[in-house]
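Please see the structure below; I have some questions.
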4 protein chains.
Amino acid sequence: MPKSETKPKSRTRSDKRNRIVDAAISVFARSGFHRARVSDIAAEAGIAYGLVYHYFKNKEEILNTIFEERWTGFLEAVENIADSPGSTEEKLVGITSMILGANRVNPEWVKVFVLEIQRSSRFAEPGQIRAVGRLFSAVARVLRDGQAKGEVRGDLDPDIACYIVVGGLETVVTGLVLDVIEIDSSQAESEYYSKVAATVVEIFLRGLAADSRDQ
Amino acid sequence: MPKSETKPKSRTRSDKRNRIVDAAISVFARSGFHRARVSDIAAEAGIAYGLVYHYFKNKEEILNTIFEERWTGFLEAVENIADSPGSTEEKLVGITSMILGANRVNPEWVKVFVLEIQRSSRFAEPGQIRAVGRLFSAVARVLRDGQAKGEVRGDLDPDIACYIVVGGLETVVTGLVLDVIEIDSSQAESEYYSKVAATVVEIFLRGLAADSRDQ
Amino acid sequence: MPKSETKPKSRTRSDKRNRIVDAAISVFARSGFHRARVSDIAAEAGIAYGLVYHYFKNKEEILNTIFEERWTGFLEAVENIADSPGSTEEKLVGITSMILGANRVNPEWVKVFVLEIQRSSRFAEPGQIRAVGRLFSAVARVLRDGQAKGEVRGDLDPDIACYIVVGGLETVVTGLVLDVIEIDSSQAESEYYSKVAATVVEIFLRGLAADSRDQ
Amino acid sequence: MPKSETKPKSRTRSDKRNRIVDAAISVFARSGFHRARVSDIAAEAGIAYGLVYHYFKNKEEILNTIFEERWTGFLEAVENIADSPGSTEEKLVGITSMILGANRVNPEWVKVFVLEIQRSSRFAEPGQIRAVGRLFSAVARVLRDGQAKGEVRGDLDPDIACYIVVGGLETVVTGLVLDVIEIDSSQAESEYYSKVAATVVEIFLRGLAADSRDQ
DNA sequence: CATGAATGAGAATTCATTCAT
DNA sequence: GATGAATGAATTCTCATTCAT
């Protein structure tokens, strides 16, 4: 066989697979999971659509893969922060920055996670609810630790409060994802994100009320 | 003959139409918009397949109708509270209670709104983004008014803060909708809702930090 | 019965019925039989569409009615000409004028006949083929009579020739119906029709060849 | 194992596509475009339902394809004759024979063209009206050239006369297609066609009138 | 590994027709 | 006669998934 070209045909295996996952993220972000066609994903990845079925059992498994492979890494980073020795405020700032940062670096990924994975029945499925639940748990743990250290009020239920923190953050992110929160063009984007992060944590920690600090 | 009770028959003309909308809410809540079949809705409503198309142009229009006819009423109630003469705290408690209450009275409606309408392309459509935006705006107005009255810190941007408030609330509601927030069986459900409402408003106003009050 | 108003409620019966037929002609001309909805016809007639089924068994029967009630009258007029004592040329001019005239007076009717009734399987249905056939037969009779009188060449088969005459005419009419034959704006419409009629008969009688007359 | 004869399998890639087109012609000829179901076409072609949509966007596109792919070839043959150096009579005989011959060789194709494509809105669509118009134009050109050469009377408008020629021919073809023109069983079919062709051209050139030649 | 032709279950939608009022 | 709500069969079209090459 004269097929001895020097083409770098190595790591072909996971190369294509990753391209499929990346393409799926783009397409899911653009069209949503249900509207996305497997052929769209293949076209975006530049491969034949039959190949998708070499790497994935079906369309749903792509979504699961996005979730498991990418979310898990993200989650571990969050849990690292949650279980670090810092103060509650430091931890919340860290988690908030991480989430907002993810949105800046890879908004499509966040969009898919926020709009597709979390929703639908998947949210309620054991495997994933546990995975999503880990985020809530991490935040709840931060709060509980804070209570133990006297940094967080003891009269609040951390298992409820964590929903407020994660949900508040998520909606801000959603607003950014959907371009509903308008970014003042007079300020650099990165500055705006800093401002948002500061606002978010400030509200969670010190609250909206004027008297809470002034008294 | 006990036939005298089966008699009323078609009374309000839009009797069937309402039954379709109600059925759609149930089915959408159960299966999600995409998975829901028109035939499911018809079966749930106890009417024939084609009648759905007598009243609605297509499946999507049912979703829009749910949104327009029911969300608008809800929104007006929220705006009434926002524009009432009460204190910021009273208003936030009012709005929070209203949202949590809606979830208690008609959880399917909230589920459809939270999981279906808000998502999909609809969230981004002018008409509806504006309608959804009205909720955010109403909360932002409450905060701005509070700033003017000195009840809310002046150093926070209400247009960002409103996302945190609405989002925090929404996620709590979602948690309740999806039964992820477990309700301690030792307490009555209604008591639990009160506790949740109090916690939510407390966090938004006074924050999580212990020192914010103690100092 | 106190219903003694002086409203001219007489001939109501066929009044509505005729309105349905007229409306159907318009709608069929506009959309074609298959695309035409019964509700379109009812709307055009200004009545409830259930009423259509009072007067007609189904949609097809409306088409048949148009055919039978209107075509028959037209056909009798043609047959009258065919069986009149005039010369062959006079008869052909008469028939041609009648067809072109019908198109001027009621183009929708002609359009429906040309495009809908004659086509489709109906052309082949016994009842109608006979009725359509009567037109061909009438023309064939004119030609046969002409042969007997020595006005028409005896070497032509009238049963084939009649197709050429009717078909040539019909296509001219179709061209007019579809506005494919453009009418020179410099001449009045009525003059144009006269010119067309003259051309048609002239061709049928004397042919296209220059030498046929010149010799 | 007798499997060696079932082997050929997919050869030309567009093998199936052509089978769909051929099947569609048969089904359209049998049932008409509107009555024809896509499933009928698939069954006739011996392929799966969905494959039709692999090759064609929708049912209408099949009709368009029949038109474009087959009509164009036919048209070019007609135009070749029209633009050849022969006499007017030779050209008309050539075109007539071509049309009658097409009907003998592939009556279904002619039937679909005559009954389906030409009708419906298609006749009025720019692209196709132009294509159909090319047939009329070709005949008009033959007549105009004949006038220039003194073979055709100069007092006739070729733009009207061409409708008569094409239309006369078409109706004869339609009569044959629909078996309304009965073929005398005493003569061979091919002879009959010759007779029809001769009659048609004879009428167009020399006309029906006895005196046109006798004088 | 790759390809994309082939399959067919599913779902939406249309609309002629019936029927209770 | 008149109305239009109600019915549901019929069809088109989509697209995930399989499979032969």
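No hydrogens, no waters, no symmetry mates; every other heavy atom, side chains included, goes into these values. Sequence lines set the chain letters: A, B, ... in the order given, protein chains first and strands last, and positions in each chain run from 1.
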Quick one: does C/E69's side chain have a donor or acceptor within less than 3.5 Å of a partner on C/T65's backbone? no
Ignoring hydrogens, what is the shortest heavy-atom contact between B/S31 and B/A36? Give both atom names and the distance. CB-N, 4.2 Å
Taken to the nearest whole Å, CZ/C/R17 to P/F/dG1 is 11 Å
Whether B/D22 and B/R17 form a salt bridge (side-chain N of Lys/Arg under 4.0 Å from carboxylate O of Asp/Glu) is what I want to check. no
Any ion pair linking B/E44 and B/R30 (charged N to carboxylate O, less than 4.0 Å)? yes
Counting distance alone, no hydrogens or angles: does the base of F/dA5 have a donor or acceptor under 3.5 Å from a partner atom on the side chain of B/H54? no
Whether each nucleotide of nucleotides 12-19 of chain E has a protein heavy atom under 4.0 Å at its base (B), only at its sugar-phosphate (S) or at neither (-) is summarised, 5' to 3', as BBBSSBB-
Counting only side-chain heavy atoms from C-beta out, which of F/dT3, F/dA5, F/dA6 sits nearest to C/A48? F/dT3
Can you tell me the pairing partner of F/dC19 across any strand shown, Watson-Crick or G-U wobble, with both distances under 3.5 angstrom? E/dG4
Give the rounded distance in Å between these two atoms: CD1 of C/I20 and P of F/dT3. 10 Å
Please give me the minimum heavy-atom distance between A/Y49 and A/S39, naming the atom from each residue. CB-CA, 4.1 Å
Considering all heavy atoms, the nearest A/V112-A/A29 contact: CG2-N, 3.5 Å
